[in-house]
Amino acid sequence: MPKRLLIRNADMLVTMDADRREIAGGGVYAEDNRIVAVGATADLPAEADEVIDLAGHVVLPGLVNTHHHMFQSLTRAVPGAQDAELFAWLKRLYPIWAGLTPEMIRVSTQTAMAELILSGCTTSSDHLYIYPNGCRLDDAIEAAEAIGMRFHAARGSMSVGESKGGLPPDRVVEDEAAILKDTCRLIEAWHDPAPFSMRRIVVAPCSPFSVSRDLMREAAALARSYGVSLHTHLAESATDIAYSREFFGQTPAEYAEDMGWVGADVWHAHCVQLDDVGIGLFARTGTGVAHCPCSNMRLASGIAPIARMRCEGVPVGLGVDGSASNDGGHLLGEARQAMLLQRVGQGPAAMTAREALEIATLGGARVLGRDDIGALAPGMAADLVAFDLRGVGFAGALHDPVAALVFCAPAAVTFSMINGRVVVREGQLLTVDLPLLVERHNRLSGMLVSG
C-alpha cells in the first residue's frame, strides 16, 4: 500500500496550476511521492497515514533554483573580491578554488542545499566547473542524495587557460577529451530521466571565456545524443560582451546560435546584457534563462531585461548563483529581489509578487525541462513548502498573505516536503545535523582561504 499523506487547513494554498488557483483553507492529499488531490480541506480525504495541519501557514509548490555554484559557499565575502566586477572577482578567487578537495565539495554542497531548503527550495541545479585534487561531480551528487534534495547536477568544465587567451589559470583547466569522457560516464552512471526523478545530469561547459568553440559544439552534440540538458553562462556583464566580440567577432547570442546552444533543452545563466536580437532568438527557440538578480547587483553586472523576456515568451527561472557572488542562498529572497530589481529599471508594474513566485516555481521547472514539479496539482511530484504567517515579519500583511511572502522580509520555511518525504518540520532540517555541518564547513572554509 502507498503511504498516504494529508496536508490540511492551510490559510492559503497557492497551487500554480493551470488556473493559478489560491485556495483558502486548502490542502493536498498525496500517495508516496505523487499528489493525488488538491482543494479545500473539506473536499479531501479525511484520513491518511500522516496528517499535517498547517493552519496559520501559506503553502506553495517547492521553489526551483536554476543556477548555483555550491562550492563557492566556502568563499563568501573574501577580501579582495568584495568590490570587484566579474572578471576581477574571478581572477581573485580562481587561485583559492584550486585548493578544493572532495571533502570540501561534499560539505559545501550540503551546506548550500541546507540554506536553499530552509528558504523554500526543493529542486536545485548546481554548476560545478572546477575539479582540482581529485574532486568529482559524484561528490556533490552523493551529498545531495544524503540531504534529500531534488538535484540537477551540471558537469561544468574549463579547458582554455590564460596561456590560450582564457580567463582561468592553466592549473585549473582540463583536457577536453577527458571532459567529454567523464561527462559520458556521469550520464551513464547517474542520470535518471524518469518522472519524479531526484537526479539528472546536465552538460555544462563553463563559459565562452573558459572553453573552446570545439568543446561547446561537441558538448552540445553529446548532450543531445543522450537526451540531457545543456547549461552555461552567457552575456553576464559588459566585460563578457567585450570578450565575445574580441575573440569570436560575435555577440553572445550569435555565438550561442553558432555553437548549437539554443533550444528548449538549453538554458543560460544571467543574460544581463542579452540584446534585442538575442531575446527574439531565445523566444523563438524556447531557450531558457536563469535570472540571478542578487549576483548581478553584487557584481554590478546590470539589470537583466526579465520583464521584456517574459513578455516575448522566453522561459525564465530564478537562480541564487554562487555563494561568493551573492553570499546568500535564499531563494524566496531571490524572488523578492527579482521583483524589486525589475521595478527599479522599469517601474512598479514591471513585476508583481505573484509573477515573481511564478518564476520561482513554474518558471524554474520549465527552464530545467520538468513538467512534474513547480505546481500543486494531481499527478505532480509531492514537493511543497509552508511558511508560518504568525510571526512578526508578516504582521499587518495578512490581507494578502501570498503577496506578503515576496513583499515582506524573506522568511524561512517551517515545513518542507520533497518527493513525498518530510525534510523540514517546525523549522528544523531533519536530514542532516546542521550545527555540525556548519562547523565542518567553517573549518574547511578557513583552510581553503588561508591556503
Would you say R92's side chain and P79's backbone share a donor-acceptor pair under 3.5 angstrom?
yes

Taking N326 for its side chain and C294 for its backbone only, find out whether a donor-acceptor pair lies under 3.5 Å.
no

Non-hydrogen side-chain atoms of P315 and V367 separated by less than 4.5 Å:
yes

All pairs passing ring-ring contact (aromatic ring centres under 6.0 Å, His included) where residues 249-274 contributes a residue, at least two apart
H67-H270, H231-W267, H233-H270, F248-Y255, H268-F282

Under 3.5 Å, is there a donor-acceptor pair between the side chain of R200 and the main chain of A194?
yes

Roughly how far, to the nearest 0.5 Å, is OG1 of T285 from CG of L281?
4.5 Å

For S325 and S295, does a side-chain donor sit closer than 3.5 Å to a side-chain acceptor?
yes

Check this for me: does any side-chain nitrogen of one of D32 and R34 sit under 4.0 Å from a carboxylate oxygen of the other?
no

Heavy-atom closest pair, residues I279 and R308:
CD1-NH1, 3.3 Å

Check side chain to side chain contact (heavy atoms under 4.5 Å, CB included) between R310 and all other residues, then give those that pass, not counting sequence neighbours.
I306, V316, E355, E358, I359

Can a donor-acceptor pair be found, under 3.5 Å and without considering hydrogens, that links the side chain of S125 to the backbone of H152?
yes

Indicate whether the side chain of S159 and that of E176 have a donor and an acceptor atom separated by less than 3.5 Å.
yes

Among pairs that include at least one residue of residues 167-208, which meet ring-ring contact (aromatic ring centres under 6.0 Å, His included), considering only residues two or more places apart or in two chains?
none

R76 bridged to E115 by N-O distance under 4.0 Å
yes

Side-chain donor/acceptor of H68 to backbone N/O of S124, under 3.5 Å
no

Main-chain N/O of A98 paired with N133 side-chain donor or acceptor, under 3.5 Å
yes

Between S244 and I241 (side chain of the first, backbone of the second, donor and acceptor by atom type, cut-off under 3.5 Å), is there such a pair?
no

With a 4.0 Å cut-off on N to O distance, would you call E162 and K91 a salt bridge?
yes

Rounded to the nearest 0.5 Å, what's the gap from CG on L362 to CE on M16? Could you check?
6.5 Å

Pair Y226, V203 - check side chain to side chain contact (heavy atoms under 4.5 Å, CB included), show working.
CA-CA 10 Å; Y226 281 101; V203 180; over 6 Å; no

With sequence neighbours left out, what residues match D275 under side chain to side chain contact (heavy atoms under 4.5 Å, CB included)?
T251, A253, V277

Counting C-beta onward and ignoring hydrogens, is there a side-chain heavy-atom pair between E236 and L299 closer than 4.5 Å?
yes

Give the minimum heavy-atom separation between P305 and V272, together with the two atoms involved.
CD-O, 3.5 Å

Output, in order, the C-alpha distance, side-chain angles, deciding distance and verdict of side chain to side chain contact (heavy atoms under 4.5 Å, CB included) for D383 and V64.
CA-CA 10 Å; D383 290 6; V64 180; over 6 Å; no

Counting C-beta onward and ignoring hydrogens, is there a side-chain heavy-atom pair between Y94 and L167 closer than 4.5 Å?
yes

Rounded to the nearest 0.5 Å, how far does CG of D327 lie from CZ of R298?
4.0 Å

Do side-chain atoms of H330 reach the backbone of A411 as a donor and acceptor pair under 3.5 angstrom?
yes

Is it true that R185 and D138 have a side-chain N and a carboxylate O under 4.0 angstrom from each other?
yes

Is the NZ or CZ atom of R155 positioned over Y131's six-membered ring, under 6.0 angstrom from the centre and within 45° of the axis?
yes

Salt bridge check: are R136 and D139 linked by an N-O gap of less than 4.0 Å?
no

Judged by modelled atom types alone, do E334 and N65 share a side-chain donor-acceptor pair under 3.5 Å?
no

Distance, nearest 0.5 Å, that separates CZ of R106 from CG of L437
12.5 Å

Which residue pairs pass the ring-ring contact (aromatic ring centres under 6.0 Å, His included) test with at least one member in residues 294-322, sequence neighbours excluded?
none

Where do V406 and A335 come nearest, in terms of heavy atoms and distance?
CG1-O, 4.2 Å

Is a side-chain N or O of T66 found less than 3.5 angstrom from the main chain of L318, in a donor-acceptor match?
yes

Would you find a donor on one side and an acceptor on the other, under 3.5 Å apart, between the side chain of T232 and the backbone of P205?
yes

Side-chain contact test, heavy atoms from C-beta onward, threshold under 4.5 Å: evaluate it for V202 versus H127 and give yes or no.
no

Going from CZ on F87 to OG1 on T239, what distance comes out if it is rounded to the nearest 0.5 angstrom?
4.5 Å

Applying side chain to side chain contact (heavy atoms under 4.5 Å, CB included) to R370 and T123, what does each step give before you reach the verdict?
CA-CA 11 Å; R370 306 284 303 231; T123 298; 5.5 Å; no

How many angstroms lie between atom CD1 of I7 and atom CG of L376, to the nearest 0.5 angstrom?
10.0 Å

Heavy atoms, side chains only, cut-off 4.5 Å: are V160 and L215 in contact?
no

Which heavy atom in C135 sits nearest to a heavy atom in I105, and how many Å separate them?
SG-CG1, 3.7 Å

With sequence neighbours excluded, tell me which residues meet side chain to side chain contact (heavy atoms under 4.5 Å, CB included) with R354.
E22, T352, D400, V402, A403

Residues E145 and R199 bridged, charged N to O under 4.0 Å
yes

Taking it one step at a time, do R421 and T431 satisfy side chain to side chain contact (heavy atoms under 4.5 Å, CB included)?
CA-CA 10 Å; R421 176 190 185 190; T431 52; 3.4 Å; yes

In terms of heavy-atom contacts, does CZ of R443 have more than 12 from other residues, nucleotides or ligands at under 6.0 Å?
yes

